[in-house]
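One-based numbering, in listed order, for ligands and for the atoms of each.
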Amino acid sequence: MSAVLEKAAAAKEAHELNKLSKRLHRLVGQASADYRMIEDGDKVMVCLSGGKDSHALLDILLELKRRAPVRFDVVAVNLDQKQPGFPAHVLPDYLKSRGVPFHIENQDTYSVVKRLIPEGQTMCSLCSRLRRGILYRVADELGATKIALGHHRDDMLQTFFLNMFFGGRLKAMPPKLVSDDGRHVVIRPLAYVAETDIERWAAHRQYPIIPCSLCGSQANLQRAQIRQMLRDWDRQHPGRIDSMFRALGHVVPSHLHDRNLYPFETIQPSGVPDPRGDKAFDEDDSAECGPPLAAPVRIDRDA
Ligand code: SF4
């Protein structure tokens, strides 16, 4: 490649990365504002597993802390579960080099899980339950007011489909919740961020990634299949993931059939026309099955 072409390619790459950086910080700021995730005076405990997502979360929050109008502190916490081959020095070295306050919690949950779960059965459920309890305790000890997790938009959609396909429930992963012990607020500031953007950003920032397969547990095959399904859809129909994700924030209980969410048993005609009301026999204009109809179609029965 000639020097001119190389220079042009480098300039294009720098431009793309700049756009990516702006997008990531804007989306995290927007999610945080939309759900009031981070407020003045918060101490945010970032759960850092060493994977790309939690690295990106920490990195972006540190930058937002520098620029945001609200004052908040960040503390990174890694739980060393004593999995064989876990490179214990990697995260402390990285965090020291970045000047980030951090805490490493050493708890051998790996041995506990190995002892209690019969060989060949999945260990994830017990492992994550133990991890959750430990992280809640650490949050208390550190005086953290928020616990931040690195789940992103695609994790949330995958969970939605997993629950629908295998659990018979319309349930995704919330951007903000109160923990099951009722004592902590858990936030997911990457809620609006696409996984592909995180992958690109992680490669650019060269985070010291720790593989998540050290425990030897098999990957969640169903989640992997859903992930592939969503990626295939998005390749074939660009924008579909965005549309599905938007849908999770625009729920219409009267057009589902959960009687706990909508009082179907007691609805009555109000007698007042509502332009936004249900046109019960028409196709939904927003559906993609055809252009919206300007007016009801007249069926000429004499033709
Ligand atoms: S993959 Fe391994 S570390 Fe992760 S939850 Fe499952 S058992 Fe625990």
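The residues D234 and R240 are annotated as not salt-bridged, no charged nitrogen and carboxylate oxygen being separated by less than 4.0 angstrom. Taking the charged nitrogens against the carboxylate oxygens, D232 and R235 do have a contact shorter than 4.0 Å, which makes a salt bridge.
Close approach to C127 involves these atoms of ligand 1, each under 4.0 Å from a residue heavy atom: 3 (S), 5 (S), 7 (S), 8 (Fe). Of all the atoms in ligand 1, the ones that sit under 4.0 Å from a non-hydrogen atom of Q83 are 3 (S).
For residues 143-169, the pairs satisfying salt bridge (charged side-chain N to carboxylate O under 4.0 Å, His left out) are E39-K146, D42-K146, R153-D242, with sequence neighbours left out.
Using a 4.0 Å cut-off between heavy atoms, S128 makes no contact with ligand 1 at all.
Between Y192 and H152, the ring centre distance reaches or exceeds 6.0 Å.
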